[in-house]
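These numbers were taken from a predicted model, which means no experiment stands behind them.
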Amino acid sequence: MEHIKLLILGSGPAGYTAAIYAGRAGLTPVLYEGLQPGGQLTTTTEVENFPGFPDGIDANGLMDNMRAQAERFGTDIRGAMVVKTDLSAAPYHLWLDDESEVTCDALIICTGASAKYLGLADEEKYRGQGVSACATCDGFFYRKKKVAVVGGGDTACEEASYLAGLAEKVYLIVRKPYLRATQIMQERVLSNPKIEVLFETNTVGLYGDNGVEGAHVVFRKGEADERRYDLPIDGFFLAIGHKPNSDVFRPWVKTDETGYILTEDDSPRTGIPGVYAAGDVADPHYRQAVVAAGSGAKAAIEAERYLATL
Ligand code: NDP
């Protein structure tokens, strides 16, 4: 079985930044790309808030650059995904979906989080063409346009408020007759003249010949007064929660009830010697590429120090 000194899991900004730092420290890391090479950013189009690119950068181009930078410093990038782990004692043991097994001295978990979608075929069809799960990433493209946000929690209210600062009109599509968000967020949404809350409403499809032009929605689905209608919109934002990709580590690392990995003292340390978590898998709050990159750098610095003690 192959033994690896430093293993990095995930190929978003956290994973690649960890690899760049570790590579420059001479640790020749191995990085497994995981399910979504390039991470969540690859589901968006242009990135305008990553420092260093005053004219913005294509999201896939940004991730290709990070990958090239990681490779330049000797990272061995592989296309598999971890399916099982044993982190009970070092060296740590991992099983990959290509049927291989490896052990490692240090591990940096950067497996990210996946935005939840409703599961409509149209969400796939229009992904990147009007469907987004990140208002901060894509809201700017809907200036003076009409958008809808799905969800009734804090994220949905926050995204709706953010979008209201840019768009002409924001519909908040909520499946229940009430919002689940905290009081202050509810008040902010309900008092915003640009936001219209559509309670007891579900989306059943999207339409448009040139990207999203509207949503097929149903009010009080299945009730006697059910009403189906089309809502003309240019952008459709999902804000129904995220799922951190931490399942395979959960027997060993501590997580919160949603599955976000809990780390120690604002550091990437998980409490298991030599095992670190960085990026969205350990961040329920910020979920930004630049924040993930910063935490990847911290994890690599921690791993370097740990490996020097062995
Ligand atoms: P939540 O789980 O709190 O809310 C998810 C929302 O999406 C709910 O309104 C839920 O509806 C709705 N939803 C889920 N699935 C579907 C579906 N299939 N169709 C339609 N609607 C659906 O997730 P959030 O991401 O909003 O928040 C996660 C955590 O992060 C919370 O604890 C929140 O307080 C916190 N947070 C805090 C912020 C802050 O303090 N500034 C900002 C953002 C998040 P239903 O109510 O019917 O289940």
Fill in the blank from the handout: From the list Thr203, Val212, Leu238, side-chain contact (heavy atoms from CB on, under 4.5 Å) with Glu123 holds only for Leu238
Exercise for the section: Hydrophobic side-chain clustering at under 4.5 Å (ILVMFWY, transitive links): who's grouped with Ile261? Put none if nobody. Expected result: Ile4, Leu7, Leu9, Val30, Tyr32, Val82, Leu87, Tyr92, Leu94, Leu96, Val102, Leu107, Ile109, Val248, Phe249, Trp252, Val253, Ile272, Val275, Val281
Practice task
Please identify each residue that fulfils ring-ring contact (aromatic ring centres under 6.0 Å, His included) with Tyr142, with sequence neighbours left out.
Solution key: Phe237
Practice task
May I ask you to establish whether Arg143 and Phe140 are in a cation-pi arrangement, using a distance under 6.0 Å from NZ or CZ to the six-membered ring centre and at most 45° from the ring axis?
Solution key: yes
Donor-acceptor pairs under 3.5 angstrom involving side-chain atoms of residues 177-184: please list them, not counting sequence neighbours.
residue	atom	partner	partner atom	Å
Thr182	OG1	Asp154	OD1	2.7
Gln183	NE2	Glu187	OE2	3.4

Exercise for the section: For Arg287 and His242, run side chain to side chain contact (heavy atoms under 4.5 Å, CB included): C-alpha distance rounded to whole Å, both residues' side-chain angles, the deciding distance at 0.1 Å, then the answer. Expected result: CA-CA 10 Å; Arg287 302 197 293 249; His242 282 76; 3.7 Å; yes
Exercise for the section: May I ask you to list the residues sharing a hydrophobic cluster with Tyr286, side-chain cutoff 4.5 Å, ordered by chain and number? Expected result: Leu6, Ile8, Tyr16, Leu27, Leu31, Leu41, Val47, Phe50, Phe53, Ile57, Leu62, Met63, Met66, Ile77, Ile108, Tyr276, Val290, Val291, Tyr306, Leu307, Leu310
Handout entry: Sequence neighbours excluded - ring pair (Phe, Tyr, Trp, His ring centres under 6.0 Å) pairs with any residue from residues 190-210
Key = Tyr207-His216
Handout entry: Residues in ring-ring contact (aromatic ring centres under 6.0 Å, His included) contact with Trp95, at least two apart in sequence or another chain
Key = His93
Exercise for the section: Could you identify which residues cluster with Tyr260, counting Ile, Leu, Val, Met, Phe, Trp and Tyr as linked when any side-chain heavy atoms lie under 4.5 Å apart, either directly or through a chain of such contacts? Expected result: none
Handout entry: Other cluster members, Val204 - Ile/Leu/Val/Met/Phe/Trp/Tyr, side-chain contacts below 4.5 Å
Key = Val218
Handout entry: salt bridge (charged side-chain N to carboxylate O under 4.0 Å, His left out) partners of Asp225, counting only residues at least two apart
Key = Arg220
Handout entry: Counterpart residues, salt bridge (charged side-chain N to carboxylate O under 4.0 Å, His left out), relative to Arg269 (two or more places apart)
Key = Glu264, Glu302
Handout entry: All side chain to side chain donor-acceptor pair (under 3.5 Å) counterparts of Glu2, not counting sequence neighbours
Key = Arg78
Completion exercise
Heavy-atom nearest pair, Gly259 first then Ser246, reads O-OG, 2.6 Å
Exercise for the section: Decide yes or no on side chain to side chain contact (heavy atoms under 4.5 Å, CB included) for Lys194 and Lys169, but give the supporting numbers first. Expected result: CA-CA 5 Å; Lys194 277 194 179 173; Lys169 172 92 190 177; over 6 Å; no
Fill in the blank from the handout: Hits for ring-ring contact (aromatic ring centres under 6.0 Å, His included) against Tyr229, two or more places apart or cross-chain, chain-then-number order -> none
